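Throughout, protein chains are lettered first and strands after them, A, B, ... in sequence-line order, and every chain is numbered starting at 1. Just so you know, these numbers use all the heavy atoms, side chains as well, and skip hydrogens, waters and symmetry mates. These numbers come from a predicted model, not from an experiment.
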Amino acid sequence: MRLVTWNVNSLRARLPRVLEFLGEHRPDVLLLQETKCEAEAFPHAELAEAGYVAADHSAGRWAGVAIVARAELGLADVTSGLPGEVVEDEARWIEATVGGELRVASVYVPNGRELDSEWYAQKLVFLEAMARRVGELRAAAEAPELVVAGDMNVAPADVDVYDPAAFVGSTHTSAPERDALQGVVAAGLVDAFRRLHPDDVGFTWWDYRQGHFHRGLGLRIDLILATPAIADRLTRVGIERDYRKGSKPSDHVPLVADWT
DNA sequence: ATGCCGAGACATTCTCGA
């Protein structure tokens with residue numbers, strides 16, 4: 001199984017790179033964030049042409065998440081929205097079952113903007129709601145294997161930040177955010193990249209500004225969280241840095257997990 | 001080499017992103 005998560009920062013702007021990626025890597029599942037399109041404008045036809053089906057949770061110019069799967073696998077039992085999120089239907093959470101046996105969720109955690117802001121408080125509530133939802137899914141009778149992946153907007157540890165001192169007083173590295181993200185993991189998931197790369201720096205996002213990419217100034221905020229049975233079967237977790245280069249890149253790159 | 005913000009919209013400036 002090959003599963004990918006990618007914050008594309010507008011699916012319309014990124015569609016050529018997304019189709020390039022699908023052709024090059026042929027993932028079984030591609031989880032998208034920040035699609036930034038209206039539901040009517042979602043490029044189902046272009047994805048079908050490439051051999052994929054998609055389920056989207058779209059809210060216009062902001063946010064937007066989607067699940068794309070190889071057409072042969074199919075998508076079933078699609079649900080949109082995260083129970084307990086403060087702003088309902090902000091299009092930050094979508095779930096589906098792939099190939100009849102794998103439950104996946106694509107998530108775009110709120111940014112939080114500034115510490116001590118209402119948006120920061122909402123971010124913590126969102127992460128707490130994620131932990132509850134993961135607990136529900138894991139507790140269900142005959143619970144299928146689960147992957148929750150996306151833009152967590154939290155760097156789990158200082159090794160995931162190019163300069164931890166630069167983020168003191170900012171979002172993405174504060175203790176409450178890290179504790180809340182750890183709560184999601186503690187509900188029964190494993191950080192796939194960390195499982196195979198215990199000590200490596202593995203940034204997935206670089207600011208468009210001030211040449212941060214070519215200066216190596218990034219964050220690891222895009223995660224693939226998988227149930228232990230999947231984590232034990234991982235053969236590769238890779239960061240496709242080449243997709244931060246070239247024509248019209250997203251500021252995030254695809255994160256690819258392969259398991260047997 | 002990877003290259004110095006990008007995307008969307010009630011657009012010509014503003015909001016948001018991390």
For [Y], is there an ion pair with [X] - N to carboxylate O distance below 4.0 angstrom?
| X | Y | answer |
| --- | --- | --- |
| Arg236(A) | Glu240(A) | yes |
| Arg194(A) | Asp160(A) | yes |
| Asp158(A) | Arg178(A) | yes |
| Glu95(A) | Arg103(A) | yes |

By the rule that ILVMFWY residues connect when side-chain heavy atoms come within less than 4.5 angstrom, directly or transitively, which residues belong alongside Val86(A)? Val87(A), Val125(A)
Through direct or indirect side-chain contacts below 4.5 angstrom among Ile, Leu, Val, Met, Phe, Trp and Tyr, which residues connect to Val190(A)? none
Under 4.0 Å protein heavy-atom contacts per nucleotide of nucleotides 10-18 of chain B, with B for base, S for backbone only and - for none: -----BSBB
If you assign Gln210(A) and Glu38(A) each to the DNA chain B nucleotide with the nearest heavy atom, which residue ends up on the more 5' nucleotide? Gln210(A)
By nearest-heavy-atom nucleotide on DNA chain B, the more 5' of His214(A) and Ser10(A) is His214(A)
With rounding to whole Å, what would you report as the distance between [N] and [M] at their [atom1] atoms?
| N | M | atom1 | answer |
| --- | --- | --- | --- |
| dA18(B) | dT13(B) | P | 26 Å |
| dG6(B) | dA11(B) | P | 22 Å |
| dT15(B) | dC10(B) | P | 15 Å |
| dT12(B) | dA7(B) | C1' | 16 Å |

Heavy atoms under 4.0 Å, any strand shown: does Arg12(A) hit a base, just sugar-phosphate, or nothing? sugar-phosphate
Quick check on the hydrophobic clustering: are Trp205(A) and Met152(A) connected, directly or via other members, by side-chain heavy-atom contacts under 4.5 Å? no
With Ala59(A), which residues qualify under side-chain contact (heavy atoms from CB on, under 4.5 Å), at least two apart? Ala91(A)
With Ser80(A) via side chain to side chain donor-acceptor pair (under 3.5 Å) - residues at least two apart: none
To the nearest angstrom, how far is Phe213(A) atom CZ from dG6(B) atom P? 14 Å
Which of residues 154-166 of chain A sit near DNA chain B, with a heavy atom under 4.0 Å from it? none
